[in-house]
Amino acid sequence: MGSGIMIDLGKKNVLGVLVDAVDYEAATAKIIEAARERKHYAVTALAVHGVMTGVQDKAHNARLNSFDLVTPDGQPVRGAMNLLDHADLADRVYGPELTLRVLREAAAEGLPVYLYGSTQPVLDKLVPALEQMFPALKLAGVEPSKFRSNEPGEDVEIADRIKASGARIVLVGLGCPRQEIWTYAMRPLLDMPLLAVGAAFDYHAGLLKNPPAWMQKYALEWLWRLGLEPKRLWKRYLLLNPAYVSRLAAQKAGLWKATPPAPTTDKVQKFAV
């Protein structure tokens, strides 16, 4: 899984949300190990929007802080960890790229993968794209979102379907924060890694294009995505980004302690499926 030294410096406090100071190699290794050992394991990759969902909702913040692995998906989150904790991370751990690295290792080890979320048309494009990239990949099942809240007992039914498929890893593409809540709610029911992968389904289905490398390097991916989906994303970026920067400055200056809520095990009664 690579010959370099893996970076794994533990969880760091970014505005009260605990994010792991890891690189791609360490994150991939942790996920694959959990799949091998059949561990209950919740994973997400948080950009500014994901962090701010925790800042604005303390109950959700406690859920995020209970995740086994939270990677710095965006350059501003990586930068915050370097600024606040001297993590010295050279790169972020971007959800779509992490997805590909996990799928590569899963294919190599014969670990079946279940795709949960998005729409059937997206999945119809995603499946052949993944099979072309990873011919040895075993897809245990594919299930689109129902775009509604769960019904009584439905969480167990979903878990039973996934377990019966023989899956050892689940990729969850429901959008932030729905996918994190789904992952948190389903974690106790599934002895395998659950990865909330954001827009990875759309990217790898060929429906979204990644920004140029220079925009990614200089933390301008938000501007690229805003240009692609202005009506859907303008509030997220034009309101949340300044709020993130101001809170980060307050945390760095010691004007705000940004105390992380303790991890929770409280059951979520209603969540998007």
Side-chain angles (χ1 to χ4, degrees), residues 1 24 26-45 66-69 71 95-148 150-175 178-205 267-268 271-273:
M1 201 176 293
Y24 283 114
T28 303
K30 285 172 171 284
I31 293 163
I32 294 300
E33 178 186 22
R36 288 193 203 110
E37 299 183 1
R38 298 183 183 275
K39 288 182 182 177
H40 301 270
Y41 203 76
V43 182
T44 188
S66 75
F67 271 54
D68 300 280
L69 179 63
T71 72
E97 174 63 21
L98 178 62
T99 297
L100 293 182
R101 294 182 185 226
V102 169
L103 289 174
R104 185 177 299 115
E105 295 298 327
E109 297 200 18
L111 297 167
V113 175
Y114 199 98
L115 306 179
Y116 187 94
S118 195
T119 65
Q120 191 62 55
V122 171
L123 295 173
D124 287 343
K125 293 180 181 296
L126 177 62
V127 169
L130 295 181
E131 290 175 339
Q132 183 174 11
M133 283 188 276
F134 310 108
L137 180 65
K138 297 179 180 178
L139 288 176
V142 178
E143 185 171 343
S145 171
K146 299 165 187 66
F147 295 95
R148 59 168 172 77
N150 62 306
E151 297 173 352
E154 192 170 12
D155 54 347
V156 175
E157 294 173 4
I158 293 170
D160 287 345
R161 281 199 299 275
I162 293 173
K163 288 186 286 189
S165 75
R168 299 286 289 279
I169 297 172
V170 183
L171 302 184
V172 187
L174 293 172
R178 294 181 298 275
Q179 61 194 5
E180 283 80 19
I181 299 172
W182 189 97
T183 297
Y184 170 85
M186 297 298 293
R187 181 188 182 278
L189 303 177
L190 291 164
D191 57 351
M192 62 192 75
L194 313 178
L195 281 68
V197 297
F201 284 14
D202 289 323
Y203 278 117
H204 300 318
K267 185 178 171 107
V268 178
F271 58 96
V273 296

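Just so it is clear, the values below take in all heavy atoms, side chains as well, and ignore hydrogens, waters and symmetry mates. Note that the numbering runs from 1 along the sequence shown for the chain.
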**Asked** At what distance, to the nearest 0.5 angstrom, does CD1 of Ile169 lie from CD of Glu109?
**Response** 8.5 Å

**Check against side-chain contact (heavy atoms from CB on, under 4.5 Å), Thr28 and Arg104** = CA-CA 10 Å; Thr28 303; Arg104 185 177 299 115; over 6 Å; no

**Fill in**
In terms of heavy-atom contacts, Leu98 and Tyr24 come closest through N-CE2, 3.8 Å

**Asked** Rounded to the nearest 0.5 Å, how far apart are CG of Asp155 and NZ of Lys267?
**Response** 4.5 Å

N/O donor-acceptor pairs under 3.5 Å from side chains in residues 111-118, not counting sequence neighbours:
residue: Tyr114; atom: OH; partner: Glu143; partner atom: OE1; Å: 2.7
residue: Tyr116; atom: OH; partner: Val273; partner atom: O; Å: 2.6

**Fill in**
Those residues at least two apart in sequence (or on a different chain) that pass side-chain hydrogen bond (donor to acceptor under 3.5 Å, both in side chains) with Glu154 are Arg148

Please tabulate, for the side chains in residues 119-136, all donor-acceptor contacts under 3.5 angstrom to protein atoms that are two or more places apart in sequence or on a different chain.
residue: Thr119; atom: OG1; partner: Val122; partner atom: N; Å: 3.3
residue: Gln120; atom: NE2; partner: Asp124; partner atom: OD1; Å: 2.9

Can you give each donor-acceptor pair under 3.5 Å made by side-chain atoms of residues 37-45, sequence neighbours left out, with the distance rounded to 0.1 Å?
residue: His40; atom: ND1; partner: Arg187; partner atom: O; Å: 2.9
residue: His40; atom: ND1; partner: Leu190; partner atom: O; Å: 3.0
residue: Thr44; atom: OG1; partner: Glu180; partner atom: OE2; Å: 2.6

**Asked** For the residue pair Arg168 and Ala35, what are the closest heavy atoms and their distance?
**Response** NH2-O, 2.9 Å

**Message:** My understanding is that only residues two or more places apart in sequence, or in another chain, count here; which of them pass salt bridge (charged side-chain N to carboxylate O under 4.0 Å, His left out) with Asp160?
**Reply:** Lys163

**Fill in**
So CG of Leu174 and CD1 of Ile181: to nearest 0.5 Å the spacing works out to 10.0 Å

**Prompt:** Roughly how far, to the nearest 0.5 Å, is the CD1 atom of Ile158 from the CH2 atom of Trp182?
**Reply:** 6.5 Å

**Asked** Can a salt bridge be assigned to the pair Glu105 and Arg101 using a cut-off of 4.0 Å between side-chain N and carboxylate O?
**Response** no

**Request:** Not counting sequence neighbours, which residues clear side-chain contact (heavy atoms from CB on, under 4.5 Å) with Ala200? List them please.
**Result:** Pro96, Thr99, Val197, His204

